[in-house]
There are 2 protein chains.
Amino acid sequence: MSDLSLDHLKPDFTGATLASSIAARLRMAIMEGELAPGAKLRLEDLRSQYQVSLSPLREALSRLSMDGLIEVAEQKGYRVAPVSLENYEEITCLRIELESMALEKSIANGDDAWESALVGAFHRLHKLERQRTDGAPIDAWELAHREFHNTLISASRMPLLLKMCGTLHDLSDRYRRILLRTRSFDGGVDEEHRRIMDAALARNTEKATELLKQHVERTAANVLVLLRQRVEEESAEKKAAQGRVGKAVRR
Amino acid sequence: MSDLSLDHLKPDFTGATLASSIAARLRMAIMEGELAPGAKLRLEDLRSQYQVSLSPLREALSRLSMDGLIEVAEQKGYRVAPVSLENYEEITCLRIELESMALEKSIANGDDAWESALVGAFHRLHKLERQRTDGAPIDAWELAHREFHNTLISASRMPLLLKMCGTLHDLSDRYRRILLRTRSFDGGVDEEHRRIMDAALARNTEKATELLKQHVERTAANVLVLLRQRVEEESAEKKAAQGRVGKAVRR
DNA sequence: TTAATTAAAATAATCGATTATTTGTATGAG
DNA sequence: CTCATACAAATAATCGATTATTTTAATTAA
């Protein structure tokens, strides 16, 4: 059912190649913010940390760069993709446009298998949602959440579009996971998912896309509050640092 | 003005790294159909052909895979992305949606610099258009054409969207260049470009996006005629081959 | 004849060492 | 003191050889 590979989110690193295993581990570290946005990635450090040679490491970094999680500067090196207000707003805007389009096609084309896959994906997510208050299985929830959104649009018969939506979902998730780290249980999300599913199953395209849009926008609004705070803090720090340098130079 | 790098389309291969140089050369070979869709890419062959080691070669292939020009199968190898009716239809559909969105934003945000860049890009394209009957500078036209479409949407302030549009443009171009290889002069295209530019400069969003849509669809229709032929021929050949095998087995 | 099994060849993935480039630091001239 | 230059250290890019995996071909049994 799923055209969009979810392999890189699975917790086991038994990928066929070393490169894919390293890519998965790096991806997780970046998604969780363990590797901070904008951080420089020195090849030698990574090499010794993951105990691999340069070849698979470069391969892994290349792959992450194509998902927009890493920036590459020729001859200069790699760094974790920085975060910014503009970037998150663009990601959100594109998610709404592209996922809506995909959902519309999916509703038009979805068959019985799609319907049951959707019900199943929601069920799994719903169960994890209730367990989410006791912290532990956050990764499982992230995975189920991604899978639910992916299943929604999986009948669209547009593999490229699905890929784009998956990439945008990941980019968006990084912001959410970094900024909403200490997140409290939010029953509203679960209900939103259910209503989107219901509208999709009822083949009510208008309603489904509208609900999806609201769902994405509401999450984005929560993230944006904290992101704005963080950006302001950082620019304040920067100014303070510049002030100190100015004084030092002056004397 | 241009957020979207066009470096990889320039004819000089003086890229900073070997990997990017190889990537550019491979890209050109694929875009021109010199490396046929679906063709297997053996590392050893490429290595000896381009006189490089495996490291930069893999790096180059990774980069092309992220543009969808190459497919990677772990432990199995690389192949040139195959072509299909469905794939081309999806590319066209996405181009229309995404370029329209980008054009809309670009018209909303475009300043004086954007306007003059657009006029300049059209001028360069227009001059090459008239020379195009005498075959030679086809690459120059392709580059100017890409640059015109890119400039149209360059004021959208959405770098990710620009990147997606550029990628889709390349994918679309491969089909056009492979199938419309012996293309005769088409004055209509030039006129279409001019009308799109005029509508954009007049800030007529509705008209500009509609004209852009028609422009993309008209080109796509031309390609699709030949693509359908080709697909039919291939399936016929396949049947014939199967027939032969069947006979051989039978006797 | 077909299907399963195994050995050999071809091919992809990885490694450790080498080369090229950039970055940081110190020195000296204006 | 500032800017420029040159040197040294750090880092990225590349290479040639090695290891692991897949594909092909040959062989045998059903």
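Hydrogens, waters and symmetry mates are skipped; everything else that's a heavy atom, side chains included, is used.
- For Lys76(A), the side-chain atoms get nearest to dT22(C) when compared with the rest of dT14(D), dT22(C), dA12(C).
- For the pair Tyr50(B) OH and dT14(D) C1', the interatomic distance rounds to 18 Å; values are reported in whole Å.
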Margin query: Please evaluate residues Glu71(A) and Lys76(A) with respect to the criterion side chain to side chain contact (heavy atoms under 4.5 Å, CB included), reporting the C-alpha separation (whole Å), side-chain torsions for both, the decisive distance (0.1 Å), and the verdict.
Written below: CA-CA 11 Å; Glu71(A) 285 186 355; Lys76(A) 303 286 185 64; over 6 Å; no
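- In this structure, of dC15(C), dT22(D), dT14(D), it is dC15(C) that holds the atom nearest to the side chain of Val52(A).
- In this structure, CD of Glu71(B) is placed 17 Å from C1' of dA12(C), rounded to the nearest angstrom.
- Within the nucleic acid shown, Leu41(B) comes within 4.0 Å of sugar-phosphate atoms alone, with no base atom in reach, counting heavy atoms only.
- Taking atom CD on Glu44(B) and atom P on dT23(D), their separation rounds to 18 Å, with Å as the unit.
- Counting to the nearest Å, the P atom of dT21(D) and the OH atom of Tyr78(B) are 16 Å from each other.
- In this structure, Glu59(B) places its CD atom 7 Å from P of dT14(D), rounding to the nearest Å.
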Item checked: Candidate pair Ser20(A) and Arg63(A), rule side chain to side chain contact (heavy atoms under 4.5 Å, CB included), full reasoning -> CA-CA 9 Å; Ser20(A) 58; Arg63(A) 293 196 199 164; 3.4 Å; yes
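- Atom CD of Gln49(A) has more than 12 neighbouring heavy atoms from other residues, nucleotides or ligands inside a 6.0 Å radius.
- The 5' end of DNA chain C is approached more closely, in terms of each residue's nearest nucleotide, by Leu43(B) than by the other of Arg47(A) and Leu43(B).
- Taking 4.0 angstrom as the limit, Lys40(B) places none of its side-chain polar atoms (N or O) nearer than this to OP1 or OP2 of dT22(D).
- In the set dT14(C), dT22(D), dC15(D), the nucleotide with an atom closest to the side chain of Gln75(B) is dT22(D).
- Atom P of nucleotide dT11(C) and atom CG of Asp45(B) are separated by 7 Å, given to the nearest angstrom.
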Next item on the list: Evaluate the side chain to side chain contact (heavy atoms under 4.5 Å, CB included) criterion for residues Glu32(B) and Asp139(B): first the C-alpha distance (whole Å), next the side-chain angles of each, then the deciding distance (0.1 Å), finally the verdict.
Entry: CA-CA 10 Å; Glu32(B) 287 173 358; Asp139(B) 277 349; 4.0 Å; yes
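- For the pair Leu61(B) CG and dT14(D) P, the computed distance is 13 Å after rounding to whole Å.
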Check: Passes side chain to side chain contact (heavy atoms under 4.5 Å, CB included), Leu26(B) versus Leu46(B)? Steps please.
Finding: CA-CA 9 Å; Leu26(B) 279 172; Leu46(B) 295 174; 4.1 Å; yes
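- Rounding to whole angstrom units, CD of residue Gln51(A) and P of dC15(C) are separated by 10 Å.
- Of the candidate nucleotides dG16(D), dT14(C), dT11(C), dG16(D) has the atom nearest to the side chain of Ser55(B).
- Checked against dT22(D), dG16(D), dC15(C), the side chain of Ser53(B) finds its nearest nucleotide in dG16(D).
- Here the side chain of Leu54(A) is nearest to one of dC15(D), dA17(C), dT11(C), namely dA17(C).
- Residue-level contact check: Leu46(B) touches neither bases nor backbone, having no heavy atom under 4.0 Å from any strand.
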